[in-house]
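Data block below; observations after.
Positions are given from 1, in the same order as the sequence printed here. It should be emphasised that the depicted structure is a prediction, and the values quoted were computed from it without experimental measurement.
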Amino acid sequence: MGCRDLDLPRYLSTLPLFEGLGQPAWARLADACRLQRLTRHDMVFRAGDPCPALPVVMTGQVKLYAASSAGQEKVIELVGPGTCVEQAPLFTGTAHLVHARALTDTLLIMVAKEAVVEEIGSDPRFALRMLGSVSQRLDGLLQHVQADTLHSGPRRVVDFLLRQRRHADRDAAAATVSLQASKATIASLLSVTPEYLSRVLRSLEAEALIRMDRRDIRILDAPGLSAWPAPAGARGPGRRAATSAGVHLC
């Protein structure tokens, strides 16, 4: 299946970044798209690669990460459907500063740089929307750096679980969020080791704040979890379950 087999103008119209542009603009951008299919562990790009197109995840998941010469990795962000993998190099003219790798079988829409720049030049509203998107992405990364610097490891784990819960259906009796990411990947995202992450999760389970079932983490008491002081290895009396949500760690 290629671009001609997809209703790309319609798909682009559903993305927050491109909404409101109008049918002619969606058609022009769709004509400048190509599809890139990746299997698990395939590279999207490497640090130092040029940025000839705006990559948008249609299906699957991509991780952005930095890597040392010794092979150590630090996960910076997990990018899911409907989101650009990286935007800034498209406008700065610089190479990618980090690596991007598919965590699952992934389908990307690559929107040619020239088409994006042309639409920005012809539609100030699109330019402002693109600027807002880049700024929002930067704010998220700054919050990530702040958490790494100022928050304890247990607090970062708790905040991660609560963020995933906000993405779930709070009204559902047993809402579940499925993350196509390993515990090792999530640990790297939170700047902790996989062993440390497991210890914190066991502590939370001992407090009856969560329940782990293989790769599922069910949040039993969201208010209690939010207020948890989170010392590593903490133990205490169980709390009565108040709400239910779930996070799936593959």
Side-chain angles (χ1 to χ4, degrees), residues 1-3 6 8 11-12 15 17-18 29 32-120 130-131 133-149 156 160 179-194 197 249-250:
M1 181 173 62
C3 288
L6 296 172
L8 280 179
Y11 176 75
L12 292 175
L15 302 180
L17 187 61
F18 300 108
L29 289 169
C33 289
R34 64 178 176 86
L35 298 183
Q36 182 174 353
R37 298 182 183 279
L38 303 170
T39 58
R40 187 182 182 188
H41 301 316
D42 281 351
M43 297 297 297
V44 180
F45 52 75
R46 291 178 170 81
D49 286 349
C51 182
L54 182 68
V56 180
V57 179
M58 190 170 186
T59 61
Q61 189 176 53
V62 171
K63 72 172 179 179
L64 288 173
Y65 67 99
S68 71
S69 57
Q72 295 177 318
E73 292 186 5
K74 169 64 178 82
V75 177
I76 299 171
E77 190 176 7
L78 302 178
V79 183
T83 306
C84 300
V85 177
E86 194 178 23
Q87 295 159 273
L90 193 74
F91 310 113
T92 61
T94 57
H96 291 291
L97 296 177
V98 295
H99 306 284
R101 184 189 296 273
L103 289 177
T104 65
D105 290 348
T106 298
L107 178 62
L108 297 178
I109 297 176
M110 309 295 289
V111 190
K113 175 180 178 178
E114 293 78 9
V116 175
V117 172
E118 184 175 345
E119 292 300 328
I120 288 174
M130 186 68 73
L131 180 60
S133 177
V134 173
S135 299
Q136 186 177 30
R137 198 75 169 269
L138 178 60
D139 286 345
L141 293 176
L142 289 176
Q143 291 174 13
H144 184 71
V145 171
Q146 182 183 47
D148 277 358
T149 305
R156 294 198 294 274
F160 171 79
L179 301 179
Q180 301 302 316
S182 66
K183 282 189 176 180
T185 297
I186 293 171
S188 178
L189 179 68
L190 301 177
S191 298
V192 298
T193 65
L197 174 60
L249 304 179
C250 305

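In this structure Y11 satisfies the ring pair (Phe, Tyr, Trp, His ring centres under 6.0 Å) test with no other residue, sequence neighbours excluded.
No side-chain donor-acceptor contact under 3.5 Å links H96 to the backbone of R46. With hydrogens and angles ignored, the 3.5 Å screen pairs no side-chain donor or acceptor of R101 with any backbone N or O of K63. The main-chain N or O of C84 is found under 3.5 Å from a side-chain atom of R137 such that the two form a donor-acceptor pair. A donor-acceptor contact shorter than 3.5 Å links the side chain of K74 to the backbone of S188.
Distance check, rounded to the nearest 0.5 Å: NZ of K183 to OG1 of T193 gives 12.0 Å. Here the straight-line distance linking atom CG of L8 with atom CD1 of I109 works out to 5.0 Å at 0.5 Å rounding. Distance check, rounded to the nearest 0.5 Å: CG of L138 to CD of Q143 gives 10.0 Å. The NZ atom of K113 sits 11.5 Å away from atom CG of L54, with the distance rounded to the nearest 0.5 Å. Between atom CG of residue D42 and atom CG of residue L103 there is a gap of 11.5 Å, rounded to the nearest 0.5 Å. Annotation: the span from T92 atom OG1 to L97 atom CG amounts to 7.5 Å, rounded to 0.5 Å.
Counting all heavy atoms, side chain and backbone alike, D105 lies closest to R40 at OD1-N, 3.2 Å. Of all the heavy atoms in L78 and A181, the pair that sits closest is CD1-CB, 4.2 Å. The two residues A102 and T39 make their nearest non-hydrogen contact at CB-O, 3.7 Å. Nearest heavy-atom pair, F160 versus L190, reported as atom, atom and distance to 0.1 Å: CB-CD2, 3.8 Å. Taking every heavy atom of both residues into account, A115 and A32 meet most closely at CB-CB, 3.3 Å. Counting all heavy atoms, side chain and backbone alike, V111 lies closest to C33 at CG2-SG, 3.7 Å.
Proximity of M58 to L6: side-chain heavy atoms (C-beta onward) are separated by under 4.5 Å at one or more points. Looking at heavy atoms from C-beta onward, Q36 lies out of side-chain contact with P55 at the 4.5 angstrom threshold. For the pair L64 and F45, the minimum side-chain heavy-atom distance is below 4.5 Å. Annotation: side chain of M130 is in contact with side chain of F91 (closest heavy-atom distance under 4.5 Å). Contact check for V56 versus L17: no side-chain heavy atoms found under the 4.5 Å cut-off. For the pair V44/T106, no side-chain contact is recorded, criterion being any heavy-atom separation below 4.5 Å from C-beta on. Side-chain contact between Q87 and S133 is present, with heavy atoms from C-beta onward closer than 4.5 Å. No side-chain heavy atom of V57 sits less than 4.5 Å from a side-chain heavy atom of T83.
Residue L90 is tested with V134, I120, V116 for a side-chain contact (heavy atoms from CB on, under 4.5 Å); the sole match is V116.
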Item to complete: Take C51 and E86, measure what side-chain contact (heavy atoms from CB on, under 4.5 Å) needs, and give me the verdict at the end.
Response: CA-CA 9 Å; C51 182; E86 194 178 23; over 6 Å; no
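Crowding of E73 atom CD: a count of heavy atoms from other residues, nucleotides or ligands under 6.0 Å exceeding 12.
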